[in-house]
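Note on naming: letters A, B, ... go to the chains in the order of the sequence lines (proteins, then strands), and numbering restarts at 1 for each one. Side-chain atoms are counted along with the backbone in the values below, which use heavy atoms only and exclude waters and symmetry mates.
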There are 2 protein chains.
Amino acid sequence: MSQPLLPLLSTAPVERRDAARNRVALLEAAAELMGGCGVEVLTMEAVAAKAGVGKGTVFRRFGSREGLMASLLDHREAEWQAGVISGPAPLGPGAPPMERLLAFGASRLRLHLDQAALIEAAGRTWGENPAVLGFAALHVRILLGELGVTGNLRYLATALIAPLSVPILRQQIGHGSMTEAEVLAGWEELVRRVAPQDGVIT
Amino acid sequence: MSQPLLPLLSTAPVERRDAARNRVALLEAAAELMGGCGVEVLTMEAVAAKAGVGKGTVFRRFGSREGLMASLLDHREAEWQAGVISGPAPLGPGAPPMERLLAFGASRLRLHLDQAALIEAAGRTWGENPAVLGFAALHVRILLGELGVTGNLRYLATALIAPLSVPILRQQIGHGSMTEAEVLAGWEELVRRVAPQDGVIT
DNA sequence: AATGAAAGCGGACCACGGTCCGTTTCAGCC
DNA sequence: GGCTGAAACGGACCGTGGTCCGCTTTCATT
């Protein structure tokens, strides 16, 4: 009974106890190590030592340093996705599409700024994960559809998400000397042009 | 008297001969090493050896591996910027703003795809260089102005450039299975929504 | 030409990401 | 419980990015 009733599609060949124990130990060690400091303290050896395992184990679990960073991001991302799928409006369902879209942008902006260092450290492992960018793109695409926007929604969705990426945000807030509020206002302006509510442009 | 008559603003304290010789030798060595192969062959030690200098010299010149990559990109970027400033239309001056803007997108897209590996290897050193993103943003901003677009042009400009960034392009072309032409068409659609031309051009 | 000082050079050295393989631990089965 | 194969472990090992400091080169001045 410890297994799900429908393991037919289960691609995971059951994780061994020690492996599971070590995974959570490693994640906890990493989180604790990073408390207060930057990501640069997250040395693979340091994490391994803190968790009381060998260095090879860390690589076995997470594949690479980037993989470890991505795993650290997974928790928050999962929470965020849950908020989108079934959380309170306006981020979650129940609000009009445009409100949800704007809430999406604000929420995603916040998330990216909060986790900027980790996201950069995770590199492609995070950025190219379809479960991350793909989810956001799909969500925006659906909202655009609900708004009655016509055209290449797939492209427009990624185009709306692109300016929320960490490098762009740092460029705007760091070098461009914009405030977070100004960036958000700019994004909302962009959204209103892409998805005009008063009559639709072909 | 060997100094310029008005060195007041000169921030470059004159480069020594050997330094200049080594710089070009290193850049040539790097370019030659990369011929045909990927960026991963560009080891700092390999480049140094090929150029016949010590490893320390490479770091002195370029600061880091990312810095070396950025320097390798500089040539192409300078050519491209020259093309925008004074090259033939429609990328250069002379064409209507919308044509120039679309030419900008197509050209930038090409450039980014061509140099994708190098750009990624250069990391922040390239991506956060104001002379790169800043130039493109300023150009787009000016074109938007000429098109009569109102609003926060500074933000809209960066928002139009964001979806042309390498990570987004690879997401679309790699995972999203779009073609380069489809991406370009999508971008043009985005542009037309941000800069609607009331009853003009197709 | 001699000289002095500053800029440049080079390669030994260090830290960290990543690999490898002999050893240990787990879990399913008798 | 004892066996067995497979999965996981651990830490020695390697390559590469990056630093450091004593030595060399350049160049302006005399």
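- Note: CE (M44(B)) to P (dC9(C)) measures 14 Å, nearest angstrom.
- M44(A) is linked by a side-chain contact (heavy atoms from CB on, under 4.5 Å) to V58(A), F59(A), R65(A), L68(A), counting only residues two or more places apart in sequence or in another chain.
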Enumerate donor-acceptor pairs with a distance under 3.5 Å from any side-chain N or O in residues 119-131 of chain A to protein atoms, sequence neighbours excluded.
residue: E120(A); atom: OE1; partner: R170(A); partner atom: NH1; Å: 3.0
residue: E120(A); atom: OE1; partner: R170(A); partner atom: NH2; Å: 3.3
residue: E120(A); atom: OE1; partner: R124(B); partner atom: NE; Å: 2.7
residue: E120(A); atom: OE1; partner: R124(B); partner atom: NH2; Å: 2.3
residue: E120(A); atom: OE2; partner: R170(A); partner atom: NH2; Å: 3.1
residue: R124(A); atom: NE; partner: E120(B); partner atom: OE1; Å: 2.8
residue: R124(A); atom: NH2; partner: E120(B); partner atom: OE1; Å: 2.3
residue: T125(A); atom: OG1; partner: E66(A); partner atom: OE1; Å: 3.0
residue: E128(A); atom: OE2; partner: R170(B); partner atom: NE; Å: 2.4
residue: E128(A); atom: OE2; partner: R170(B); partner atom: NH2; Å: 2.3
residue: N129(A); atom: OD1; partner: A131(A); partner atom: N; Å: 2.9

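- Of the residues in residues 23-30 of chain A, none lies under 4.0 Å from DNA chain C by heavy-atom distance.
- Nearest-nucleotide mapping onto DNA chain C: of T43(A) and A20(B), the residue sitting toward the 5' end is A20(B).
- Contacts between residues 58-70 of chain A and DNA chain D, counted as heavy-atom distances below 4.0 Å, involve R60(A), R61(A).
- R192(A) places a side-chain heavy atom less than 4.5 Å from the side chain of M98(A).
- Panel note: side chain E189(B), backbone N152(A); a donor-acceptor pair is recorded below 3.5 Å.
- Under the salt bridge (Lys or Arg N to Asp or Glu O under 4.0 Å) criterion, D114(A) pairs with R110(A), not counting sequence neighbours.
- Between Q171(B) and T158(A), the side chains place no donor N or O within less than 3.5 Å of an acceptor N or O (distance only, hydrogens not considered).
- Between V149(B) and R193(A) there is a side-chain heavy-atom pair separated by less than 4.5 Å.
- When the C1' atom of dC13(C) is taken as reference, atom CD of E45(B) falls 12 Å away, rounded to whole Å.
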Under 3.5 Å, which donor-acceptor pairs link side chains of residues 16-34 of chain A to any protein atom two or more places apart or in another chain?
residue: R16(A); atom: NE; partner: D18(A); partner atom: OD1; Å: 3.3
residue: R16(A); atom: NH2; partner: D18(A); partner atom: OD2; Å: 2.9
residue: N22(A); atom: ND2; partner: D18(A); partner atom: O; Å: 3.4
residue: R23(A); atom: NH1; partner: E15(A); partner atom: OE2; Å: 3.1
residue: R23(A); atom: NH2; partner: E15(A); partner atom: OE1; Å: 3.0
residue: R23(A); atom: NH2; partner: E15(A); partner atom: OE2; Å: 2.7

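- For the OP1/OP2 pair of dA8(D) and a distance below 4.0 Å, the side-chain nitrogens and oxygens of T57(A) include no atom meeting the criterion.
- Between L113(A) and L109(A) there is a side-chain heavy-atom pair separated by less than 4.5 Å.
- The CG atom of L42(A) sits 17 Å away from the C1' atom of dG18(C) (whole-angstrom rounding).
- Note on residues 138-194 of chain A: pairs passing ring pair (Phe, Tyr, Trp, His ring centres under 6.0 Å), not counting sequence neighbours, are F104(A)-H139(A).
- Partners of S86(A) under the side-chain contact (heavy atoms from CB on, under 4.5 Å) rule, at least two apart in sequence or in another chain, do not exist in this structure.
- Residues L73(B) and V132(B) form no side-chain contact, since every pair of their non-hydrogen atoms from C-beta on lies 4.5 Å or further apart.
- Listed here is the closest heavy atom pair of M178(B) and E182(B): CA-OE1, 3.2 Å.
- Each end of the helix from dA1(C)-dT30(D) to dC30(C)-dG1(D) gets its own axis from five base pairs, and the two axes differ in direction by 10°, given to 10 degrees.
- I85(A) meets the side-chain contact (heavy atoms from CB on, under 4.5 Å) test with F135(A); sequence neighbours excluded.
- At dC9(C), one or more side-chain N or O atoms of N22(B) fall inside 4.0 Å of OP1 or OP2 (strictly under the cut-off).
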Please write out each protein N/O paired with an N/O of nucleotides 24-27 of chain C under 3.5 Å, distance rounded to 0.1 Å.
residue: dT25(C); atom: O2; partner: R16(A); partner atom: NH1; Å: 3.3
residue: dT25(C); atom: O2; partner: R16(A); partner atom: NH2; Å: 3.0
residue: dC26(C); atom: OP1; partner: R21(A); partner atom: NH2; Å: 3.4
residue: dA27(C); atom: OP1; partner: R17(A); partner atom: N; Å: 3.0

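- Interface residues of residues 46-56 of chain A facing DNA chain D, ordered by number: V53(A), G54(A), K55(A), G56(A); criterion, heavy-atom separation under 4.0 Å.
- Contact detail for H112(B) and V166(B): the closest heavy-atom pair is O-CG2, 3.9 Å.
- A distance of 7.5 Å separates CG of L111(A) from CZ of R76(A), quoted to the nearest 0.5 Å.
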